[in-house]
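Worksheet: the structure to be examined is printed underneath.
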Amino acid sequence: MPATSDPLQTLAERFAAAIARAFPQAADADPLITPCKTPEHGDYQSNAAMGLAKRVGKKPREVAEAILLNIDVGDLAEPLSPANIAGPGFINIRLRPDALAGALREFDTPALGVTPASPAQFMIVDLMGVNLSKQMHVGHLRSPVIGDAIARVLERLGHTIKRQNHVGDWGLPIAMVISRLQRQAASGQINLDHITLDQLDTAYREAQAECQRDMAGLEAARKFGLGPKVLAELEEQVAGATEAFLAARATLIKLQAMDPEAHAIWKKIHDVTMKVCLDVCRTLNVNVTDADSAGESSYAPELAAMVDDLVARGIAQTSDGALVVHLDDPAFGHIKEPCLIRKTDGGYLYATTDVCAIRRRVQKFGAQRLIYAIDARQNLHLRQVFGASIKAGYSLHPRTGQPARMEHAAFGSVLGEDGKPFKTRSGESTKLADLIQETFSRAGQAVKTRNPDLSDAELHDIGAAVGIAALKYADLSTDRVKDYIFSFDRMLAFEGNTGPYLLYALVRIRSIFRKAAERGVGDAWKTTAHATHAPAEKQLALALLRYPGALKSTGESLEPHRLCTYLYELAGAFSVFFDQCPVLAATDEASRDQRLRLCDLAAKVLADGLNVLGIPATDRM
Ligand code: ARG
C-alpha cells in the first residue's frame, strides 16, 4: 500500500530515487514534480533536469534521459521513454487509468488522503492580541482570521495546537486608564457598573492625552532657555498633565501590588473588552475562547526573576542605565538594534513579556513550533524577541534540547478602496462588530435577490454564513504579507475567487444529491467503482488528489492563500466537469453513479477545505 493516495507525492519519491541513482553527487535534488500545464502532454511533469544540468555539468536533455534510464514508475504511470521529454528537458508523465481510479479509491476516506503528520508536533499559534480598553476595529480582523486558519490547517495535518491570545492588559497605559476612571467615577462622571467599551476607548485616549500633554513643550522651553515667564506659563499648563502622569504611575504600583480597588477596575476593563473580543470570535467562527487568553499580566510575576537570570548569565547587559540583549551576531539573527528588556526607570517592556512568553511556551508547555499571526510592522520586535530567546537558551525544548521553530506569519494592513487605511465615509474607524453586521446584512440582501422565497430567519442564517465566507476569504486569499483592500462589493461577489463563490460551488454540488433523492436515485452509487473517462472527469479527479499537497504546503509556508487558490482551482475543475458531463442526465446509470461519486468527493473536499479555513458551509444560498 502506498503511504499516500497522491500520485504527485509517489512520483516525487520515485523520481528522487531515480535522480539519486543517476547522479549520486546530486542525490538531494528536488524532483520538482508539478501538475502538467497542458493536459494533452500529460498529467504531471518533472522539471528537475534543467536545474540539475548545471550541477552535474550535462545538457538538460541528457540529464532527463539519464533520469528515465533509472526511473521505475511501477504501475502508477504509463512507461516513460525519451518521447516523454519535451522542450528543454521537461519529463511529461501520464498516469495509468487504473492507477488514477486506485488513487481515488484510497483518497475516498474521511481523511481525504491526508496522512497524519509523523511525528506530530505540539505548536502554539499567537493570535488576536487585543489591548484592553480599546475598541476593536477592522485592523483587528486579520490576526484572528489568519491565525485561526493556520491553526486549523496544522490541526488538520495531525499536529496539536494551542492558541494563545497575548492580550495587552498590563503596564502604564492600562494604569493611566484606571487612574482616570477612578477620578471620573469619584466625581460621578461615569458609572463603572455600566461602562461600555466605547466609553473605555474614550477614557483610554483621554488618559493618553492628559498624561502626555505639553511635556515636550516644557522640555523644549527649558532647553532653549525661553525665560521664566514662558516657563511658568507652560509649567502651569503641564501641571495637570504631570499630576495625571504621577497618579498613573502610583496606580501602576498599586496594580502591581494587587491593590483591591485598582484591581477591581482592571477586572471591569478586562471583562468588558474581552466580552467584545470573544463575541467577535464567536460570530466569525474563529476558534478562540477565554481559555486561550494569556495576557501580558500573566507574565508579570515572572519578569523580575527572568531578568535576573538574564543578567546573572551575562545575556543581558547594561547600556545607559537600561538593560539590553545585544543581537548583532549571526547566531541571533544579526540585528543591529539590541532588544531592550528593562528601561532606565526599572520598568519592563513589551519585549520583556514576549521573551517570557517564549520561555513559558517552549519550556513549560513544550511547544516545538511558535507561530505569530501579527502585523508585519512588528517584525523587528519579533526578530529581537526571537533573537534574545535564542541567546538565552529559552527556545530550547526541555526534553529534546532542540530549538523551537519560531515564525512570524506577518500580515499587511487593511486598506479602504482609496488605498488609504480603511475608514467610514465620515472618516471614523468602524467598530469591528458593526462592520461584521454590515457584511452579514449585505450578504443576506445578495442572497435574497436570488431567492426571494427565503424567510427572514433563513436569510439571517444564510447571510451570516455568506458574510463569514466573504470576510474571511477576502482576507485569507490574498498573499498575507501584502496590504489588502476591503471592498464589500468584491468580497461579496458570487463570481470569481471569493468566499461566496466557493460556498455556492458546494451548495450546487449538494443540490445535485437533493435532486437525486427527489428523483428516487438510490444509494447504489456509493459502492460503484471510481473511474474517470471524459477529460473533464479526469481533470477533476487530478484536482481532488492534490488536496493533501495543498494542505501540506499551506502548513509549511503558513500561507492560507495557497489553500484558497487550490479550492478555487478545484471549484473551477468542478464547474468544467459539470458543464461537460451531465450527472443525473447521464446516458447510462453506470456513468451517472460514477459521476455521483466524483461529485460526492468534490463536495467533501470543498467542505473540508472551507472548514479548515474557518468557513462554515450552508445548504442553500
Ligand atoms: N497587543 C499587541 C498589539 O496590539 C499584539 C500582541 C501580539 N502578540 C504578541 N505575542 N506580541 O500590538
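Whatever order the structure lists them in is the order used to number ligands and atoms, beginning at 1. Since the model is a prediction, treat every value here as computed from it, not as a measurement.
Not a single donor-acceptor pair under 3.5 Å links the side chain of Asn165 to the backbone N or O of Met128.
Closer than 4.0 angstrom to ligand 1 by heavy atom are Asp126, Gly129, Asn131, His166, Tyr350, Asp354, Tyr372, Ile374, Gln378, sorted by chain and number.
Listed by chain and number, the residues in a ring-ring contact (aromatic ring centres under 6.0 Å, His included) with His270 are Trp266 (sequence neighbours excluded). For the side-chain hydrogen bond (donor to acceptor under 3.5 Å, both in side chains) test, residues two or more places apart in sequence or in another chain that qualify with Asp279 are Lys275, Arg282.
Residue pairs meeting the salt bridge (charged side-chain N to carboxylate O under 4.0 Å, His left out) criterion with at least one member in residues 334-357, sequence neighbours excluded: Asp328-Lys336.
Of the candidates Asp169, Ile265, Leu255, Leu252, Leu255 is the only one forming a side chain to side chain contact (heavy atoms under 4.5 Å, CB included) with Ile174.
Judged by the 6.0 Å and 45° rule, Arg359 forms a cation-pi pair with Tyr394.
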